[in-house]
Amino acid sequence: MVGKEDLKLLGLEVSPFVIRVRMALGIKGVSYEYVEEDLPFNKSDLLLASNPVHKKVPVLIHNGKPVCESLVIVQYVDELFAGPPILPADPYERATARFWAAFVDDKLVPAWIGILKAKTEDERAEKATETLAAIGLVEATLADGRAFFGGDSIGYLDIVLGSCLFWFEALRMMHGVEIIDSGRTPVLAAWAERFGESAESKGVVPGADEAVKYANKLAAAAAAAAAAATK
Ligand SMILES: N[C@@H](CCC(=O)N[C@@H](CS)C(=O)NCC(=O)O)C(=O)O
């Protein structure tokens, strides 16, 4: 364990973005203080001061200096600490991993969050179609026999996409949408199993039931706010 650095992570247990950072710190064998935020309703002063632009977790505070945005933080952790590499060493492979990580966050994540937030069944079906189209493209990038996007071990893109898997399971439980399934996306289905069994994900990725609970809490709060607004 590397213990000399002062590292504090502001997080939320069910946030895929926070899980990415926890996995990266775990891969590097770094110890850190974890602070759970009460989101989205009671942001701490420390969170507001550390991430005044987005006011979101994760924030990694390193020797008093905040670093925000999960993809940026994972790269920072990889550059800062020795230990197993997270991004590929080869520049072309690094560029490709970053390209697909951006694709996950720009296309796939908004689509699956859209399934959760949809106000009508038509909207939900539209977001599900978008999600399946995006995941199909990711499936094709892993169809070359590698165990993980990172090769033989978990790397950058594995962390980025793998952090969303328990929410995919929650979406299956809540709305019957199968984002990854062995018929349509067999390569990702096998990868997801390996990811779930990996030491890197154990103890950091919660069960899908936690995601369901959080989604229900947000939905109840939204319903209460809507009811209050019509009074
Ligand atoms: N692009 C950001 C997304 C972070 C994010 O959406 N965090 C959520 C928790 S999952 C949050 O802090 N939400 C609080 C809010 O929206 O007010 C990242 O990659 O770090």
Side-chain angles (χ1 to χ4, degrees), residues 7-27 32-62 65-80 86-87 97-118 127 131 134 138 149 155-171 174 179 201 204-226:
L7 285 169
K8 186 183 281 202
L9 176 63
L10 308 185
L12 175 74
E13 194 200 358
V14 293
S15 166
F17 310 104
V18 172
I19 289 165
R20 293 170 179 178
V21 177
R22 301 193 83 174
M23 285 187 70
L25 291 166
I27 287 171
Y32 59 97
E33 182 191 348
Y34 176 73
V35 181
E36 178 80 358
E37 289 281 334
D38 180 11
L39 292 180
F41 306 114
N42 292 307
K43 296 179 181 180
S44 72
D45 290 344
L46 184 58
L47 173 58
L48 297 174
S50 308
N51 188 357
V53 174
H54 296 301
K55 305 177 178 66
K56 290 184 178 188
V57 295
V59 178
L60 182 69
I61 305 177
H62 177 212
K65 291 182 295 187
V67 185
C68 303
E69 286 291 314
S70 62
L71 298 183
V72 174
I73 303 171
V74 171
Q75 294 184 43
Y76 180 71
V77 166
D78 196 28
E79 287 165 10
L80 192 62
I86 296 173
L87 276 116
R98 286 184 175 128
F99 171 86
W100 283 107
F103 176 82
V104 167
D105 275 13
D106 296 346
K107 301 284 181 206
L108 181 64
V109 169
W112 72 253
I113 290 184
I115 301 175
L116 269 181
K117 291 191 170 164
K127 291 293 163 188
T131 306
V138 181
F149 292 98
Y156 186 58
L157 191 53
D158 298 285
I159 294 177
V160 170
L161 182 62
S163 61
C164 300
L165 288 175
F166 74 110
W167 273 102
F168 292 176
E169 175 59 13
L171 286 168
M174 295 168 77
I179 297 173
S201 74
V204 177
V205 181
D209 49 330
E210 293 302 321
V212 172
K213 256 191 254 167
Y214 190 74
N216 288 339
K217 178 177 139 181
L218 291 188

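Atoms within each ligand, like the ligands themselves, are counted from 1 in listed order. Counting begins at 1 with the first residue of the sequence.
Taking the salt bridge (Lys or Arg N to Asp or Glu O under 4.0 Å) definition, one finds that Glu169 meets it with Arg172, sequence neighbours left out. A search for salt bridge (Lys or Arg N to Asp or Glu O under 4.0 Å) contacts involving Glu210 returns Lys213, not counting sequence neighbours.
Annotation: Lys107, atom NZ; neighbour count of heavy atoms from other residues, nucleotides and ligands within 6.0 Å does not exceed 12. The number of heavy atoms from other shown groups lying within 6.0 Å of NZ (Lys117) does not exceed 12. Environment of CG in Asp45: sparse, with no more than 12 heavy atoms of neighbouring residues, nucleotides or ligands closer than 6.0 Å.
Annotation: ligand 1 has protein neighbours Ser15, Phe17, Leu39, Lys43, Lys56, Val57, Pro58, Glu69, Ser70, each with a heavy atom less than 4.0 angstrom from the ligand.
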Show me the side-chain donor-acceptor pairs of residues 9-24 shorter than 3.5 Å, one per line, residues at least two apart or across chains.
| unit_1 | atom_1 | unit_2 | atom_2 | d |
| --- | --- | --- | --- | --- |
| Ser15 | OG | Phe17 | N | 3.2 |
| Ser15 | OG | Val18 | N | 3.2 |
| Arg20 | NE | Val160 | O | 3.3 |
| Arg20 | NE | Ser163 | OG | 3.2 |
| Arg20 | NH1 | Ser70 | OG | 3.0 |
| Arg20 | NH1 | Asp105 | OD1 | 3.4 |
| Arg20 | NH1 | Asp105 | OD2 | 3.0 |
| Arg20 | NH2 | Asp105 | OD1 | 2.8 |
| Arg20 | NH2 | Val160 | O | 3.2 |
| Arg22 | NE | Tyr32 | OH | 3.0 |

